[in-house]
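Single-structure report; data block below.
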Amino acid sequence: MPSSAGATNFPPFRYSARLAADIESRWQDTWDAEGTYNAPNPAGPLKDVERLAGKPKAFILDMFPYPSGAGLHVGHPLGYIGTDVYARFKRMKGFNVLHALGYDSFGLPAEQHAITTGIHPRINTESNIANMRRQLRRLGLGHDARRSVSTTDEEFYKWTQWIFLQVHGAWYDTAQNRARRIEELVRECESGAHQLPDHRAWAEYSAQEKHDYIDSHRLAYLTDAPVNWCPGLGTILANEEVTADGRSDIGNYPVFKRNMRQWMMRITAYADRLIDDLDRLDWPEPIKLMQRNWIGKSEGARVSFTSSAGAIEVFTTRPDTLFGATFLVLSPEHPLVSAVTSADAAGAVAAYVAEAAAKADDERQDDSKVKTGVFTGAYATNPVTGKDVPIFIADYVLMGYGTGAIMAVPSGDQRDFDFARTYNLPIVATQMPPLSWFEQRNIAPSSDCSTWPEAFVGDGEYIDSANDSLSLNGLSSISDAKSRMNVWLQSNRHGEATTTYRLRDWLFSRQRYWGEPFPIVYDEHGNAHAVPQSALPVLLPELADFKPTTLDPNDADSDPIPPLARVKEWTTVTLDLGSGTREYKREVNVMPQWAGSCWYEMRYLDPTNADTFIDPEVERYWMGPQGEGHTGGVDLYVGGVEHAVLHLLYARFWHKVLHDLGHVSSEEPFHRLFNQGYIQAYAYRDARGQTVPATEVVEDNGTYSWNSETVSREYGKMGKSLKNIVTPDEMYEEFGADTFRLYEMAMGPLDASRPWNTRDVVGMQRFLQRLWRNVVSEDTGELVVTNEAPPEELLRHLHRTIAGVEADMDGLRFNTVIAKLIEFNNALTQHTTAVGTSPRALVEPLVQMLSPLCPHLAEELWNRLGHTTTVTYVPFPQADPALLKEDAIEVPVQVNGKVRGRISIAPDADDDAHIAAAMALDNVVLALEGKTPVKTIVVRGRTVNIVVK
RNA sequence: GCCCGAGUGGCGGAAUGGCAGACGCGACGGAUUCAAAAUCCGUUGUCCGUGAGGGCGUGUGGGUUCGAGUCCCACCUCGGGCACCA
């Protein structure tokens, strides 16, 4: 029925989903068979020097995907299509392009899946990867398949472990400002070149003391770090998995914040370089800002206040306001809390400390909450005023930042101001705010802070800031006042200028199974030793049960038993590490998922190298610095903003360590970064709050209904539970991959998030159908292209299009590329419809420009046009400047900024010609009637504006 | 709460400080058709006007400028990150 009706009328050679599927699978097979997208290396197993042929290189990279069990939805490939289009464009511009995709396949979801199903995570992970490869192959991405590595491959994680050993085997030399091999530190200790902290010589250190001293300098080191320990689940929890009242999200077990022995990475040693080198990266400014804020460098001072319990060191970023410090606040965890607390206050203080321990850090710092705190009953002395100031404890002060103690200057800090108001503490101004500050707040200027509604932060003249040997009075800049105060503090031994960072060292241990084992063993004294490189990889042992061992939920002092700890035959190992064959215990934690994603891009470059993680020559070619002062790194890195801080910071840190140790020539992993947006979707709920299938919802004038029941709409991610998933497979079925690719690129700028709307996809299919018809007859399948000379106007239009498309492609503005191609194709369609044929001189460049976006269709048309080789490496069309020049352009004429008409004028006409033409317009004459022109502004070729009174 | 970003027709969006709404969807009208689909052509921010034309319009309020979607200040709403999801 529908088939017979359709079959009789439907043109046999129309570009339909079925024809697209046929074209697409044929070309995908051809590309695979011919290795069309294989990129040659200058050395090593993938060496092919002939194909390098003096081309410039472009290393284009997508953020490392996790192979999810749910498969892809249409939101996932957005970035991959974007990089593919760009990579194809660069190939046509003569670049040797490397584009590949691997899998970040360790991690929690696979482990959770294994726990619930009992299926080994490797089996599950591999089938997920296979499914994702199938879905992506169908998209026609031009990836070099030989370079698709997975972090769970033994040959991959061997090198992750090797890099861990490099970090472990290094220390940071602050004098040279770089990492060096730990053996060099040992030699410097032995020779006396290294300054030891006590007065003894290295030779006087015991073997254990030497070991401890060296270990304490490593970039990977063991320490007691605070974690959320949940014995009821047997695991450590993320902050987000802990509820506000300190229990586990899952199971509602108690969670204890306590210290545990963990591997850490000394990323703080690189804080300055991680900040400074941002200046040399081509990254979006907001991302750089987020990294700078995350590292949180602040220059300030440590100031020592004397108290009954001894000196209390505070860190402040505003030493210039020390004269206004009217109380001190210690973190509840501060070691001096119990020593300073008076007998009277002891009860209240102990209760507050316990309460604070149960809160999460982010909750404690929530500035919207009322500040809480308790007076300790003790006082300290302000070193500049000599006055006694009360000591409080309050949970908004965190132990992990600065010294865990602050001097409170309520007149100059809003949190201190709130606290002072709550507890009736004195507020003393040390700076006079400018008049405008008072005006905005509708109060009379006064240095009496009782009239102030809030603290003043900014440059203002210093007042009441003097003692016998120091005066800041009359200064008006914060930095001048700071440096004068710092000099005074230093010379009077009350403190010193210092720099602190918000950045903390990186906690690197996970009490899990599905991760890289550490290449570390412990001797009978508990000392950690590196496994020799020859013993890598340290393979993950087989396991049948992946559950963490659960313990008594209320026993805060128990220790986690990670899955690996249960594999007795694995944990005990006999090795000769230089002191004879002995028995050692393996480290039973595993690395975090970040580890693999910190260096994977380098393995793409040399995926099969068995001798080294990457051949230095290969690294230099693809990632090396491109000139003096250039950091080197990936030429384009595309991924979501959600990785703005952590992944990008960790990867930069590892890269810098490898650079310092001489393993890589580049200083940074990712030279240019671009953040793609998200494709989101609408979801609908009925009156009971149940989600209903989004595809079945109908819209009528702003109201939505499902089964004639009104439903409410919400906007967010695609997800199974929201019943709003659309998959690429559905799009391949309904439209074909090229239409799907085109729609994803056309729906908005790559860096913006937008909602998916299947209904709109047909617009792109119609465009491709029109384009197809301009080349191939729908009825006969014959070419409709001839060698006729193209009309002048269309030729000009083509060259305007080429120029615009090239610029937009370079700027990753694929949505406007597509708009320009559609405009040109629409113009061509008019000609072709009228004449019956299309000029080859217009069709071929159009097909070439389309090919990065719709590679299958372009290959097919290119082939039908008589070409026998792939369109992939055909040079991109060039715009002819002679055809871009216009005889006359249209310029709007404004009167007082309002458009009153348009003039047509030569593009190189002078100001007077513009004005004369503008004044001659009827509508302008009308608008000027009875008014006096006072000024005329001409922006040549842009606008004429006549200002009248 | 803190840090970063975004708000433009019915919808997705376009616009080096210089003609707001390119291109696509939808809607409406026409051609074709026995009819429909498909295709092709046209209209489509809004209000006033038969028309030429004019008023108003880029989340809200202010400011800078001859001129502001674009720059500055404040506010509102939404999205991302906050260290064991990665």
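This is a predicted model, so every value here is computed, not measured. Within every chain, numbering begins at 1; the chains are lettered A, B, ... in the order of the sequence lines, protein sequences first and strands thereafter.
- Look at the P atom in both B/G59 and B/U8: the space between them is 6 Å, to the nearest Å.
- When Watson-Crick and G-U wobble pairs are counted only if both distances are under 3.5 Å, B/A52 pairs with no nucleotide at all.
- The six-membered or imidazole ring of A/Y743 lies near that of A/W756, with a centre-to-centre distance under 6.0 Å.
- When both distances must be under 3.5 Å, the Watson-Crick or G-U wobble mate of B/G17 does not exist.
- Judged purely by distance below 3.5 Å, without hydrogens or angles, the side chains of A/Q593 and A/R510 never pair a donor atom with an acceptor atom.
- OP1 and OP2 of B/A83 both lie 4.0 Å or more from every side-chain N or O belonging to A/R504.
- Under 4.0 angstrom from either OP1 or OP2 of B/G54 there lies at least one side-chain N or O belonging to A/R900.
- B/A6 and B/U77 make up a base pair, with Watson-Crick or G-U wobble contacts both under 3.5 Å.
- Taking atom P in both B/C71 and B/A52, the straight-line distance is 36 Å, to the nearest Å.
- Nucleotide B/G67 is matched to nothing when pairs are restricted to Watson-Crick or G-U wobble geometry with both distances under 3.5 angstrom.
- Nearest nucleotide to the A/V947 side chain, out of B/A22, B/A14, B/C66: B/C66.
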What protein N or O atoms touch nucleotides 24-29 of chain B N or O atoms at under 3.5 angstrom, if any, and at what distances?
from: B/G24; atom 1: OP1; to: A/N826; atom 2: ND2; distance (Å): 3.2
from: B/C25; atom 1: OP1; to: A/R766; atom 2: NH1; distance (Å): 2.7
from: B/C25; atom 1: O2'; to: A/D760; atom 2: OD1; distance (Å): 2.6
from: B/G26; atom 1: OP2; to: A/R766; atom 2: NH1; distance (Å): 3.3

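- Ring orientation note: the planes of A/H643 and A/H647 are nearly perpendicular, at an angle over 60° on the 30°/60° scale.
- In the set B/C19, B/G12, B/G67, the nucleotide with an atom closest to the side chain of A/R754 is B/G12.
- For B/U58, there is no paired nucleotide, since no Watson-Crick or G-U wobble pair has both relevant distances below 3.5 Å.
- Counting only distance, with no hydrogens or angles, the side chain of A/S248 and the backbone of A/Y253 share a donor-acceptor pair below 3.5 Å.
- Straight-line distance between the P atoms of B/U58 and B/G63: roughly 15 Å, to the nearest whole Å.
- The gap from the P atom of B/G10 to that of B/G62 amounts to 24 Å, rounded to the nearest Å.
- Comparing B/A14, B/C66, B/C3 by their nearest atom to the side chain of A/N293 picks out B/C3.
- Set against B/A22, B/G12, B/A83, the side chain of A/Y650 has B/A83 as its closest nucleotide.
- For the segment residues 228-237 of chain A, residues with any heavy atom less than 4.0 angstrom from an atom of RNA chain B are, sorted by number, A/I236, A/L237.
- Of the inter-residue distances, the one linking A/T936 atom OG1 with A/H914 atom NE2 reads 13.0 Å to the nearest 0.5 angstrom.
- On the P atoms, B/G79 is 15 Å away from B/G13, given to the nearest whole Å.
- For the C1' atom pair drawn from B/C34 and B/G29, the interatomic distance equals 22 Å after rounding to whole Å.
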Show, in sequence, the C-alpha distance, side-chain angles and deciding distance for A/D62 and A/Y637, and conclude whether the side-chain contact (heavy atoms from CB on, under 4.5 Å) test is met. CA-CA 6 Å; A/D62 300 280; A/Y637 192 31; over 6 Å; no

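- The nucleotide B/G29 finds its pairing partner in B/C41, both defining distances of the Watson-Crick or G-U wobble pair being shorter than 3.5 Å.
- Atom OH of A/Y513 and atom CZ of A/F546 lie 5.5 Å apart (nearest 0.5 Å).
- A cation-pi contact links A/R502 to A/W294, judged by a cut-off of 6.0 Å to the six-membered ring centre and 45° from its axis.
- Distance noted for atom P between B/C72 and B/U64: 15 Å (whole Å).
- With both pairing distances under 3.5 Å, B/C23 is matched to B/G12 as a Watson-Crick or G-U wobble pair.
- Spacing of P atoms, B/U16 relative to B/G7, comes out at 14 Å, to the nearest Å.
- Here the closest non-hydrogen pair linking A/G596 and A/E516 is N-OE2, 3.9 Å.
- A close approach under 4.0 Å does occur between a side-chain nitrogen or oxygen of A/N239 and OP1 or OP2 of B/A83.
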